[in-house]
Protein chains: 2
Amino acid sequence: MTTINDIAKLANVSRTTVSRVLNNNGYVSDEVRKRIMKIVEETGYIPSLSAKSLRTKKSGVIGVILPKISTETASRVVSGINEVVAGENFQILLTDTELNKEKEIEYIRLLQSRHVDGIILLATNINDRLISTIEGAALPFISLGQDLPGVTSIVYDDYHASVDMTNMLISQGHEKIAFIGVGEEDPSVGIERKKGYFDSLEKHQLPTNDSWIQLGDFSIESGYESMKKIVKRNEGNLPTAVFVVTDRMAIGAMEYLREQGIRIPQDMAVAGIGASTLSQYVTPALTTIDYFNKEAGKKAAELLLQQLKQKKEKEKFIQTYRLIKRDSV
Amino acid sequence: MTTINDIAKLANVSRTTVSRVLNNNGYVSDEVRKRIMKIVEETGYIPSLSAKSLRTKKSGVIGVILPKISTETASRVVSGINEVVAGENFQILLTDTELNKEKEIEYIRLLQSRHVDGIILLATNINDRLISTIEGAALPFISLGQDLPGVTSIVYDDYHASVDMTNMLISQGHEKIAFIGVGEEDPSVGIERKKGYFDSLEKHQLPTNDSWIQLGDFSIESGYESMKKIVKRNEGNLPTAVFVVTDRMAIGAMEYLREQGIRIPQDMAVAGIGASTLSQYVTPALTTIDYFNKEAGKKAAELLLQQLKQKKEKEKFIQTYRLIKRDSV
DNA sequence: CAACTGTGTGTAATCGATTACATATCATTT
DNA sequence: AAATGATATGTAATCGATTACACACAGTTG
């Protein structure tokens, strides 16, 4: 590896001058500048960013912590983040918690030790150790998807999205609306969306029923199984609609209904959340809610870059959403 | 930030001893070890990996260069890579070329300057500057998806996959088989898959026809448009099957056929490649080929880790595939 | 008992950059 | 002519770790 010292020697100058040329600051004569640049080109010299980062305390890297890499949501968000930060010559250091809370904390520390300039966390839960680890890290930090106390957060408007969707089903004349949700460890998806559903029903004085409610685990299969349970438990008196809190589980539910010859939407309307590509191309096309994940990723990146420039108070941003009505209702 | 020196001072030892404790090498008495560990815990000291990396020339980071982050293929591959490298405590530094050849080269240099321990490139093209940049980088390097000269490569068996799929269509009685491909800049997809199609037809002495051939750009829309052109140009005498080189374009093609009331598969069979989630849940379910992208990612990561341990000659691995026959044929 | 081996710890160089400070020249201003 | 300011370059400390080498002491061996 050639270093800045090698370049300096070859050009008969001090490494200070080389550094000045490379970073374009301070005074350097044109003649010397050209001489140095020529040697840099010839040798194919590439500065060590580890050394630079050690000295400057800046790495040009931002850490992203994902719950799971291979989901459409995650990849959209990362794509949005990348679009923004790449423009400012930052790279992304990716970590995947595999939905493990311990790893969330572990990775925050790891990213810190790697001197990332900031962290974007797609949080799936909230707990005290997490919060205090974030505080301890003392790094620009953005939470996406959960509102973390003390941390600038971008959240999806899960509650109102859910209310809107339920209202819409009701306005279509449905009175027996089933629900497939997830556990409460994930407050945004597990609590907010469920609350929206119940509140809407209550407001319209419609009945709820335990046998209409099931919880899945985000997978397509769990949607299938949940739907199965709902159908089995209500044979002869099926609900006429089902609101599923994620598209993937909704797709699973649809699959089961199709197998059973239960027609969508005539016998049972189905609605999801997420606006996955899948939702658009299944038959019938799935009614869903677009959360604009990529935009959220961009927003997160922009906020982070702002924070890099100047420290800010915690802020909370609510991402807009859009209900997409398709053939499944 | 507390540093190793702070710890050393607090523990009344030299930083050498602290380093020994932290890295678990050399002799340290139990008493001192405990004393140091206690202080490390209390202070929440986190070692600087920049400094470590500067000194040891190892970063614990591997660079991944993707053509596009938000595709299912990419996210599966990355997920596979991560699964393997995370187990060995490596992280992934992600870069996205947005299909720009210049950026491929730029990012190799960038990753090099960041002292990544190795690079995995999801290549979409082959050119001399790319090859020579890789050589110049003198880093453990894996190419995934294209066979790069001098670089250990994992390739999908595009040619035989394509032959198999075409053979299968022929065995179903199809004699007029249309084709939607992509440009030749991407040799694997653009050339190999096309060759397989033509060779299979030739072998079975079946006709080809320019009006049956269209090229898209990987997008769903381009599949739609290509299908449209094929249908328009062959009105009254449509081909009975269409082989599309990617699932997404195939989905687009199916959409157009559906709009036109051309029944799948009765009027026109459709086949894709990629085994996207989409392919499984569209109606009718799409016949496709599974390339086991996640496995390929894992394999790439394993090869890279091997190369980290000892330099190896170029090798070439051919990834297996599996034809998944579904309702669209 | 001299020589050796195994333990435990410290000194100081080193990795490759940045940057505060010093110095030197030259043109311009007063 | 002295003072000032702009330009150009160099010296050396510094960032936070690792590690070769040296040294001291203990126990073991022949």
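Computed from heavy atoms alone, side chains included, the values below leave out hydrogens, waters and symmetry copies. Proteins get letters first, then strands, A, B, ... in listed order; numbering begins at 1 in each.
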Quiz prompt | Whole angstrom value for the distance that separates C1' of C/dG8 from CZ of B/Arg33 | solution = 11 Å

Quiz item: Rounded to whole angstrom units, what separation is found between the CG atom of A/Asn23 and the P atom of C/dA17?
Solution: 10 Å

Quiz item: Is there a residue in residues 36-57 of chain B whose heavy atoms reach under 4.0 Å of DNA chain C, and which residues are they?
Solution: B/Leu54, B/Arg55, B/Lys57

Quiz item: Within the pair B/Tyr27 and C/dG8, is there a side-chain N or O less than 4.0 Å away from OP1 or OP2?
Solution: no

Quiz item: So, are B/Glu83 and B/Lys294 salt-bridged, with charged N and O less than 4.0 Å apart?
Solution: yes

Practice problem: Verify whether one side chain among B/Gln146 and B/Ser188 offers a donor that lies under 3.5 Å from an acceptor in the other. | Solution: yes

Quiz item: Would A/Glu72 and A/Arg76 satisfy salt bridge (Lys or Arg N to Asp or Glu O under 4.0 Å), going step by step from the backbone distance to the final call?
Solution: CA-CA 6 Å; A/Glu72 200 171 352; A/Arg76 283 178 181 169; 3.1 Å; yes

Exercise. Calculate the interatomic distance between B/Lys34 atom NZ and C/dG8 atom C1'; express it in whole Å.
Key: 16 Å

Exercise. Nearest whole angstrom, please: distance from the C1' of C/dT9 to the CZ of B/Arg20.
Key: 6 Å

Quiz item: Tell me, which of residues 3-16 of chain B have any heavy atom that sits under 4.0 Å from an atom in DNA chain C?
Solution: B/Asn12, B/Val13, B/Ser14, B/Arg15, B/Thr16

Self-check item: Distance, rounded to the nearest Å, where A/Asn24 contributes CG and C/dT19 contributes P
Solution: 14 Å

Self-check item: Whole-Å gap separating C1' (D/dT18) and CG (B/Leu22)
Solution: 12 Å

Quiz item: Does a side chain donor of either B/Gln306 or B/Lys312 reach within less than 3.5 Å of an acceptor in the other side chain?
Solution: yes

Quiz item: When all nucleic acid strands are considered with a 4.0 Å heavy-atom cut-off, which category describes A/Ser19: base, sugar-phosphate, or nothing?
Solution: base

Quiz item: Any ion pair linking B/Lys68 and B/Glu98 (charged N to carboxylate O, less than 4.0 Å)?
Solution: no

Quiz item: Do the charged groups of B/Asp147 and B/Lys316 touch, with an N to O distance under 4.0 Å?
Solution: yes

Quiz item: Rounded to the Å, how far apart are B/Met1 CE and D/dG16 P?
Solution: 8 Å

Self-check item: Presence of salt bridge, A/Glu302 and A/Lys298, under 4.0 angstrom
Solution: no

Quiz item: Is any side-chain heavy atom of B/Ile131 closer than 4.5 Å to a side-chain heavy atom of B/Glu135?
Solution: yes

Exercise. Please check if any side-chain donor atom of B/Gln307 sits under 3.5 Å from a side-chain acceptor atom of B/Thr152, or the reverse.
Key: yes

Quiz item: Taking CZ from A/Arg114 and C1' from D/dG16, how many angstroms apart are they, rounded to a whole number?
Solution: 15 Å

